[in-house]
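Residue numbering restarts at 1 for every chain, and letters A, B, ... go by the order of the sequence lines. Atoms considered below: every heavy atom in the structure, side chains included; atoms not considered: hydrogens, waters and symmetry mates.
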Protein chains: 2
Amino acid sequence: MSEATVYPRADVTVDMVVFGLDPDHDRLVVLLIKRAQASQPFDGYWALPGGFIAMEESLEASARRTLEREAGLTLSYLEQLYTFGDPQRDPRGRVISVAYLGLVRPEEVSIHADHPATADVRWWAVDDVPELAFDHTHLLETAHRRLQTKVSWQPIGVDLLPEAFTLSDLQRVYEIILGRSLDKRNFRRKIMGFDVLVPLDQYRQDGHRPAQLFRFDSERYTELLDKGLAFEL
Amino acid sequence: MSEATVYPRADVTVDMVVFGLDPDHDRLVVLLIKRAQASQPFDGYWALPGGFIAMEESLEASARRTLEREAGLTLSYLEQLYTFGDPQRDPRGRVISVAYLGLVRPEEVSIHADHPATADVRWWAVDDVPELAFDHTHLLETAHRRLQTKVSWQPIGVDLLPEAFTLSDLQRVYEIILGRSLDKRNFRRKIMGFDVLVPLDQYRQDGHRPAQLFRFDSERYTELLDKGLAFEL
DNA sequence: TCAAAAGTGTTTCGGGTACACCCATGT
DNA sequence: ACATGGGTGTACCCGAAACACTTTTGA
């Protein structure tokens, strides 16, 4: 509620916790950026991608732009996570960070999968990240928890998969995120009961019995929500 | 992630959505402040209490201080709600608002219950608030929804009541917040099953059969959470 | 004695969970 | 023929929801 103000102002940044799936589809990965050797503090540390907000754009637009600029990525899902404003979180001064949680499809993950050892932008397995700059380890943990709870009442698992996917793919996503195995029959019954997956006229052929491919029907999902029906697990 | 920066900076404020209970214990109320007639824009409109963050204090501390300063209130519950950063939300310039959701006990509500018609700080029934300044109607709706969902999996209903309360008091709180009536026997069984209410050696006498008073045992509740047990409804 | 709120158990129903076998394909 | 993942149905159990009467007090 600013009257013409004389208050000193904090910097406002957006930090991004972007999750994807390993090419092997068996681990959750997160996008990190290596800070330049010359940039004090935390030089050489890995950190979450982020950047200053622009004056004329919304926070969400800042989030998407930042990611486009720093990693050339397009998100399939984006939600605001939390705002971190501890006065000590950045040693250089008061920086308030609005953190966002993002998800990408596998095509996007492959963008930085090339030279993992040397590149300064790369995907890291979530349970094997190095020590991060600033309070970013804390942000990452917060995002991971949020993903785990959210996935069980919103079908955001599909945003980690290609447009067309099999039920086993989807189950694997849930198992990876939740960190426990699920019963195949119960999972299928549950998911199909929501009536938000539509079968395609395609099957995946991979040396075994072909698997039915589905796509997520987001209109149907919106209908469901409006009707007050809850997606659960 | 600021390097020594040349970016223009946005203002950062904290806006507070503080809920309480009507003295009659039958409505949810929210604290509003009337903007001075001279303060463009939205002069004379009612608005949520709020203020600029101080450079050396945390966001949460800013929230509590703001409320203390503008209304002399002490909160029994406080949580970050969401950060609103639409470039157009304040016509005077870029203002990013970190919104907080707060709850107060009935003693605090009575502070501004005196001369409701004339005072410039007063409690309003949530489903009867006037048109608010800025995007505050939107903030209020967001907070109200959050309260409704949160109350069903965290026992924050107790933060709207005095230290000592009866089971009927607590049930009424839930009914007011959720907007529907609950079965008395099921409610009691459920609540007592969590083992977080301890009976006091006191009864409330109000012209009818005396009612057992309880207090909320927050240590026990923390234990529960650690054991992974979930409070539900 | 009446009005008003406090307090108390049992039955029913539905969803969650556990569980094992056959099918289609490629090698 | 065999290995690999795809696909399907049923029984049990527990927690949620529905439901009505007795008790205690003040007026």
Count the heavy atoms belonging to other residues, nucleotides or ligands that lie under 6.0 Å from CG of B:Asp24, then report whether that count exceeds 12. yes
A quick test of your reading: do over 12 heavy atoms of other residues, nucleotides or ligands sit less than 6.0 Å from CZ of B:Arg27? no
Quick one: salt bridge (Lys or Arg N to Asp or Glu O under 4.0 Å) partners of A:Arg185, sequence neighbours excluded? none
Partners meeting side chain to side chain contact (heavy atoms under 4.5 Å, CB included) with B:Ser181 (sequence neighbours left out): B:Glu175
Could I get the full list of side chain to side chain contact (heavy atoms under 4.5 Å, CB included) partners for B:Arg105, not counting sequence neighbours? B:Ser76, B:Glu107, B:Asp159, B:Glu163
Looking at [X] and [Y], would you say the former's side chain and the latter's main chain have a donor-acceptor pair under 3.5 Å?
X	Y	value
A:Gln148	A:Ile177	yes
A:Glu79	A:Leu101	no
A:His136	A:Leu48	yes
B:Glu108	B:Leu75	no

[X] [atom1] to [N] [atom2], straight-line distance once rounded to whole Å:
X	N	atom1	atom2	answer
B:Lys184	D:dC21	NZ	C1'	10 Å
A:Phe187	D:dT8	CZ	C1'	16 Å
B:Tyr203	C:dG7	OH	C1'	11 Å
A:Arg204	D:dT4	CZ	P	18 Å
A:Phe214	D:dG7	CZ	C1'	10 Å

Its contact letters, B for base, S for sugar-phosphate only and - for none at protein heavy atoms under 4.0 Å, make nucleotides 9-19 of chain C read BB-----SBBB
Assess the residue pair A:Phe214 and A:Phe216 against the criterion (ring pair (Phe, Tyr, Trp, His ring centres under 6.0 Å)); give the C-alpha distance rounded to whole Å, side-chain angles, the decisive distance to 0.1 Å, and a yes or no. CA-CA 7 Å; A:Phe214 295 84; A:Phe216 179 69; over 10 Å; no
Listed pairs, N/O of protein and of nucleotides 23-27 of chain C, under 3.5 Å:
unit_1 : atom_1 : unit_2   : atom_2 : d
C:dC23 : O4'    : A:Arg209 : NH1    : 3.4
C:dC23 : O2     : A:Arg209 : NH1    : 3.1
C:dG26 : O4'    : A:Gly207 : O      : 2.8

Please name the residue in the list B:Ile156, B:Val126, B:Val29 that meets the side-chain contact (heavy atoms from CB on, under 4.5 Å) test with B:Phe19. B:Val126
Would you jot down, in residue-number order, the residues of residues 147-173 of chain A having a non-hydrogen atom under 4.0 Å from DNA chain D? A:Ser168
Is any side-chain nitrogen or oxygen of B:Arg188 closer than 4.0 Å to OP1 or OP2 of C:dG7? yes
